[in-house]
Structures are given as C-alpha cells and as structure tokens.
**Student:** 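Take this structure first; my questions come after.
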Amino acid sequence: MRRTAARLVTQFISKRKSTSCSAMVCVVGVLLLGIGALLLSRPVTPPPPESSEKNPPRPDARAAEKALEDETPREIAKAPQKKMREMSKENALKKASPDHPVKSPPKEEKLTTKAGKFSRADTVIGVLMAHKVTRSEIQKVLDSVREKRVFSRIRAGRRYEVRKSEKDGAFHEFVFQLDNERRLRISRSPNGAMVATKEAIPYSIDVVRIQSRIDSSLYQAIADGGGSPVLVNKLSDIFAYVIDFHKDLQSGDRVEVLVERKHLRDEFTGYGRILAAEFVVGNRRHSAVYFERGGGRYYDFDGESLRRAFLRSPLRYTRISSRFSKRRFHPLLKRYRPHFGVDYAAPRGTPVYAVADGVVAWAGRKSQAGKTVELRHGGGYRTAYLHLYRYARGIRTGRRVLQGEVIGYVGSSGLSTGPHLDYRIKRRGRYLDPLKAELPKGIPLPRSLRPAFQKILDERRTMFDNLPLLKEVQASPAAHEPTPGDADKRTSRL
C-alpha cells in the first residue's frame with residue numbers, strides 16, 4: 001500500500017514539473033496523498049448482519065410481550081369473529097364517557113288507529129278523504145297497487161284501518177280487508193314512498209260444538225243451536241253427495257257439528273272450517289271428518305270419501321213438488337202420463353248445478369220441456385234439466401262442465417204451471433228415479449293415510465265428548481257474538 005502511494009506521488013510530481021505550478025501547490029498535494037494512504041492502511045471490520053426488523057425491540061420489551069401473550073386466554077384467541085366484535089362493542093360501551101355518550105336507537109313513532117267498515121256507497125278515496133288524508137297522499141296510495149281492480153271489488157262490511165302519526169297527524173298506513181282470509185297493507189316506507197303488501201289476516205281460532213234436533217228445518221235447528229245460516233250452507237256442501245236435504249230430513253232427526261270460530265282482537269268475525277259433523281237421519285248415521293292430508297276433503301268415520309261421482313240434488317233448499325212416477329196426472333193436460341223426473345219448486349233465477357262432470361250434449365229448446373240442458377257423463381249416465389229460465393254463460397253443445405258448476409237458472413219455460421226444475425237421470429237409455437238411484441261412490445282413503453286419519457278421528461271424537469255447546473259459550477257473560485241486528489252497528493278492527 002505504501003509503495004503504491006509513493007508511486008502516485010512520484011507520478012504527480014513528475015507531471016507537475018512539466019507544468020508551471022508553484023511549490024506550495026505541490027506541498028498541499030503531497031499532504032493530501034499522505035492522509036489518504038493512512039486511511040487505506042487501517043484494518044477493515046465486516047458490517048453486522050442485517051436484522052429482519054427495522055427497529056428491533058429491546059430485550060425488556062420482548063419479555064413484556066411474551067408475558068402478555070402468556071396471560072391471554074386461549075378461548076379468546078380461538079373465538080369467532082362475531083364474538084370478538086361483540087366484545088369490542090361491550091368495551092366501547094364501558095369506555096363511553098359522559099362527554100361522549102353512546103347514541104340509543106331512535107324510538108318508534110306512535111300512531112293513532114281509526115277503524116271502520118265499508119258501506120255499500122263507500123270507496124277507498126271517500127274513506128281516506130273522510131279521515132282527512134290529503135289528495136297527494138291518496139294518489140300515492142292508489143299508485144302503490146298494481147292491480148287497480150282491488151279498489152273496485154270491496155264489498156260492504158269489509159274492515160279497514162287508517163293510521164296516522166300521533167305527533168303531527170301525518171298519514172302513515174291504510175289497511176283494508178280483501179276477503180275472509182287476506183288483507184292489503186299500504187304503508188309508508190323510510191324513503192317516503194307507499195308500499196303495498198298482501199298478508200293473511202291473523203285470526204285467533206277456537207272450536208265449538210253445536211248439537212240440535214231438527215223439527216221444522218235445518219235452518220231452524222242450527223239457529224236453535226246458536227249457529228247461523230252460513231253453517232247450513234257449509235253442511236249442505238259437505239253432505240250434498242249422501243243426503244238429499246229436500247226429501248231425506250224428517251222431524252226428529254239430529255245434527256251435531258264441530259266448527260271453528262274466528263276472532264280478531266277478541267271480537268267474533270265468523271266461522272271457519274267444519275272439522276267434523278254427524279247427521280242422524282231416521283235409523284242411518286251420516287258422518288264427516290275433515291282430513292287435510294287427504295286432499296282437504298271430508299271422509300266418513302270408516303274412511304270412505306263423501307265426495308261422490310254424482311250430487312244428490314242439482315238445487316239447494318227447495319221443495320219437491322212432484323216425484324218420479326210411471327203414471328202421474330198432468331195438471332195442464334188433465335190426463336195420466338209418465339213423469340220420469342223429479343220436480344223441484346224454486347224461485348225463478350235459482351242456480352242449477354251440474355250433478356257430475358260431463359259434456360253438454362244438448363242446450364236448446366224442446367217443445368214441452370222448454371229450455372233444456374242435457375249432460376253426458378261417464379259410465380253411460382245422462383242427466384237432463386228442463387223448464388229453465390235461461391242458460392248460464394258459455395253453456396253450449398260440446399262444452400265440458402265440472403261437478404257443481406252452474407249450467408242454468410230455474411224458470412217455467414215450456415209446458416209448466418210455475419217456476420220449477422224437472423231433473424232427470426238416464427242410464428243406457430233407461431230412466432232412473434233420481435231420489436232412489438244407486439249412484440257411483442267416491443274414492444276411498446289410501447291405506448298409507450289410514451293411521452294418520454285414525455289419529456284425527458280419535459281427536460274429533462274426544463272433542464264431541466268434551467267440548468261445551470255453543471249455546472253455553474254464548475250464554476257466558478264474557479261471550480258476545482254479533483247478531484244480524486247489531487252487526488252493522490259495531491266497528492271491528494283488523
């Protein structure tokens with residue numbers, strides 16, 4: 001290293017000699033070269049290895065961290081994120097100071113509710129205006145519903161509710177009844193828009209028992225037991241396949257029914273399903289049990305379906321004015337002649353139902369029979385409906401009809417003394433007595449459903465034995481059901 005420095009000095013001096021430099025400059029150069037040589041001659045020490053941490057902690061800091069790790073419970077280290085978030089929220093609540101209190105959620109706005117029922121002359125717009133709802137809000141209510149027809153199909157007696165803010169009286173919600181099971185709720189959303197939703201009416205349901213003796217009519221028997229005519233209609237639909245209510249019921253027969261009662265906010269609103277019923281007609285018992293798993297149909301106590309291929313009668317609640325006969329005296333012709341049907345006397349315009357599924361074989365006039373509809377059914381059966389006032393809409397030759405579908409209306413067309421229906425049944429060209437004919441039965445309950453049906457049957461029998469009679473329930477001081485006289489005076493809430 002020293003030889004190299006000396007050589008550099010010699011070269012520098014030799015170069016400077018060739019130039020006109022002063023002696024002072026040469027001396028300065030020699031001194032600088034000497035200092036550089038001394039620095040180069042020092043031993044070089046290797047640098048320490050680089051640490052992975054930019055700022056390595058001190059030994060005392062590492063010890064503190066390790067102690068903190070040992071004190072942390074393993075459960076917290078393994079806790080799910082949801083639990084850790086909950087702990088952090090709790091810590092934040094604990095640390096909240098009086099200067100920075102935690103904000104509580106906003107309180108729900110208190111609403112006032114006004115309820116009523118639609119009358120025949122009421123409309124949605126009129127009801128809302130009567131409750132001082134502005135026209136702009138009414139328009140929002142109307143615009144929130146896509147099916148505008150719901151506003152024109154509101155029947156008299158349907159319930160409604162109008163809700164407003166208790167603070168400033170601002171309109172908030174309108175709810176009205178669509179039918180016996182549904183209602184429409186139109187309410188204000190957080191962004192101010194009106195939103196319409198359909199929902200089930202939340203009835204509370206109990207079951208009561210009606211038991212009565214039939215003396216004058218089924219209507220009177222049900223009324224004596226505390227029921228209403230609505231139950232008579234339901235019973236007629238259930239037993240229409242096995243009981244002819246025009247001829248079978250006699251004085252002294254009995255009826256017993258298990259029926260649901262519907263209440264809304266402690267107010268009686270009507271009857272629900274008939275769960276079970278039994279008629280004692282002469283020496284015969286006709287039973288019915290509602291079985292939901294069996295297609296929502298009724299079966300007798302032996303598991304046989306009450307639904308038959310044919311109804312026992314094409315009309316409801318009329319009287320028989322003339323029966324099937326091979327020699328009957330005709331009141332107009334004044335002579336004896338066969339009468340191959342049953343005459344049901346009924347008011348003009350009474351609906352006539354198809355007794356079974358079939359195809360219209362004839363729809364038109366026949367001389368003495370007047371306006372007539374003939375249906376062709378399976379198994380070689382044909383039925384005829386004579387002396388009609390008019391046909392139901394769409395009834396024409398070749399059209400398929402379903403059991404219970406209206407095909408015409410009672411009249412007195414043709415050779416007739418007054419409004420009535422002449423109903424006839426024919427099988428393979430031979431007339432049958434509609435009141436005595438053995439008609440095809442329905443489909444029995446499958447074996448796989450028999451255990452479940454037996455369980456329901458046992459429950460219904462227990463109810464028949466233990467439930468109080470409806471008359472007793474109505475007689476209690478806390479019970480009150482609206483009668484036809486006061487039904488319009490009371491205001492119910494949805």
Side-chain angles (χ1 to χ4, degrees), residues 180-181 200-214 218-245 248-249 252-263 268-308 311-312 441-476 479 481:
N180 292 335
E181 302 298 332
I201 299 176
Y203 292 114
S204 60
I205 297 176
D206 64 348
V207 181
V208 294
R209 181 168 62 99
I210 297 175
Q211 188 181 60
S212 185
R213 173 189 168 95
I214 302 173
L218 181 59
Y219 280 108
Q220 189 60 46
I222 294 299
D224 293 342
S228 71
V230 175
L231 296 179
V232 179
N233 297 339
K234 290 176 178 287
L235 289 170
S236 176
D237 291 339
I238 295 170
F239 290 94
Y241 302 94
V242 294
I243 298 177
D244 188 340
F245 289 92
D248 291 343
L249 295 183
D253 294 339
R254 303 190 67 83
V255 59
E256 191 169 7
V257 185
L258 292 177
V259 62
E260 295 176 335
R261 288 193 315 167
K262 298 189 292 185
H263 293 80
F268 174 76
T269 58
Y271 293 99
R273 300 172 300 178
I274 290 179
L275 300 182
E278 186 176 36
F279 277 91
V280 179
V281 181
N283 296 325
R284 300 186 62 184
R285 288 180 178 268
H286 299 280
S287 56
V289 177
Y290 179 77
F291 186 43
E292 189 168 1
R293 290 186 59 185
R297 296 179 181 176
Y298 289 88
Y299 297 83
D300 62 18
F301 288 171
D302 296 325
E304 297 291 331
S305 174
L306 264 67
R307 183 180 179 88
R308 302 290 196 261
L311 296 171
R312 296 302 303 182
K441 294 184 177 181
I443 301 174
L445 194 67
R447 286 188 177 181
S448 59
L449 295 177
R450 292 276 178 165
F453 176 75
Q454 186 62 43
K455 183 178 179 181
I456 296 296
L457 180 59
D458 294 340
E459 292 177 0
R460 300 296 176 256
R461 284 173 171 164
T462 302
M463 289 181 177
F464 274 126
D465 294 337
N466 299 317
L467 281 181
L469 292 174
L470 178 57
K471 290 190 299 184
E472 299 173 358
V473 175
Q474 292 174 335
S476 63
E481 294 184 8

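Hydrogens, waters and symmetry mates play no part in the numbers below; they use all other heavy atoms, side chains included.
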**Student:** Just how far is it from atom CG of Leu258 to atom CE of Met463, taken to the nearest 0.5 Å?
**Tutor:** 7.0 Å
**Student:** Which atoms form the tightest heavy-atom contact between Tyr271 and Lys234, and what is the distance?
**Tutor:** O-CE, 4.4 Å
**Student:** Arg209 side chain to Leu467 main-chain N or O, any donor-acceptor pair under 3.5 Å?
**Tutor:** yes
**Student:** Check for a donor-acceptor pair, side chain of Thr269 on one end and backbone N or O of Lys262 on the other, with a separation under 3.5 Å.
**Tutor:** yes
**Student:** Tell me, do Asp248 and Arg284 make a side-chain contact under 4.5 Å, heavy atoms counted?
**Tutor:** no
**Student:** Ignoring hydrogens and angles, tell me if any N or O in the side chain of Thr462 forms a donor-acceptor pair with the backbone of Asp458 under 3.5 Å.
**Tutor:** yes
**Student:** Could you check whether any side-chain N or O of Tyr298 sits under 3.5 Å from a backbone N or O of Ile274, counting only pairs where one atom can act as donor and the other as acceptor?
**Tutor:** yes
**Student:** What's the shortest heavy-atom distance between Ile210 and Gly227, and which atoms?
**Tutor:** CD1-CA, 4.1 Å
**Student:** Taking Asp300 for the side chain and Glu304 for the main chain, is one N or O donor matched with an acceptor at less than 3.5 Å?
**Tutor:** yes
**Student:** Are the side chain of Glu260 and the backbone N or O of Arg273 linked by a donor-acceptor pair below 3.5 Å?
**Tutor:** yes
**Student:** Whether the side chain of Asp253 engages the backbone of Gly282 through a donor-acceptor N/O pair (distance < 3.5 Å, no angle test) should be reported.
**Tutor:** yes
**Student:** What's the separation between atom CZ in Arg261 and atom OH in Tyr203, rounded to the nearest 0.5 Å?
**Tutor:** 14.5 Å
**Student:** Are Arg297 and Leu306 close enough, and set up right, to give a side-chain contact (heavy atoms from CB on, under 4.5 Å), and what steps lead you there?
**Tutor:** CA-CA 8 Å; Arg297 296 179 181 176; Leu306 264 67; over 6 Å; no
**Student:** Hey, does Leu445 have a side-chain heavy atom less than 4.5 Å from the side chain of Arg450?
**Tutor:** yes
**Student:** Could you check whether any side-chain heavy atom of Ile456 comes within less than 4.5 Å of a side-chain heavy atom of Arg293, counting everything from C-beta outward?
**Tutor:** no
**Student:** Taking the side chain as everything from C-beta on, heavy atoms only, tell me whether Val257 gets closer than 4.5 Å to Leu231.
**Tutor:** no
**Student:** For a 4.5 angstrom cut-off between non-hydrogen side-chain atoms, does Tyr299 reach Val289?
**Tutor:** no
**Student:** Say you draw a straight line from CZ of Phe453 to CZ of Arg460; how long is it, rounded to the nearest 0.5 Å?
**Tutor:** 10.0 Å
**Student:** Minimum heavy-atom separation for Ala221 and Ser212, please, with both atom names.
**Tutor:** O-OG, 2.7 Å
**Student:** Run the side-chain contact (heavy atoms from CB on, under 4.5 Å) test on Phe279 and Leu249 for me, step by step, so that the C-alpha distance in whole Å, both residues' side-chain angles and the decisive distance to 0.1 Å come before the verdict.
**Tutor:** CA-CA 9 Å; Phe279 277 91; Leu249 295 183; 4.3 Å; yes
**Student:** Find the distance between CD (Glu256) and CZ (Arg213) and round it off to the nearest 0.5 Å.
**Tutor:** 15.0 Å
**Student:** Go through it in stages, so that I can follow the logic: the residues are Arg254 and Gln211, the test is side-chain contact (heavy atoms from CB on, under 4.5 Å), and I'd like the CA-CA distance, side-chain angles, deciding distance and then a yes or no.
**Tutor:** CA-CA 8 Å; Arg254 303 190 67 83; Gln211 188 181 60; 4.2 Å; yes
**Student:** To check you understand the geometry: which heavy-atom pair defines the closest contact between Pro229 and Tyr219, and what is its length?
**Tutor:** CB-CE2, 4.0 Å
**Student:** Looking at every heavy atom in both Leu470 and Gly225, which two are closest together, and how far apart are they?
**Tutor:** CB-O, 3.8 Å
**Student:** Looking at every non-hydrogen atom in both residues, tell me the closest pair between Ala277 and Leu235 and how far apart they are.
**Tutor:** CB-CD2, 3.9 Å
**Student:** Is Arg461 positioned over the aromatic face of Phe301, cation under 6.0 angstrom from the ring centre and no more than 45 degrees off axis?
**Tutor:** yes
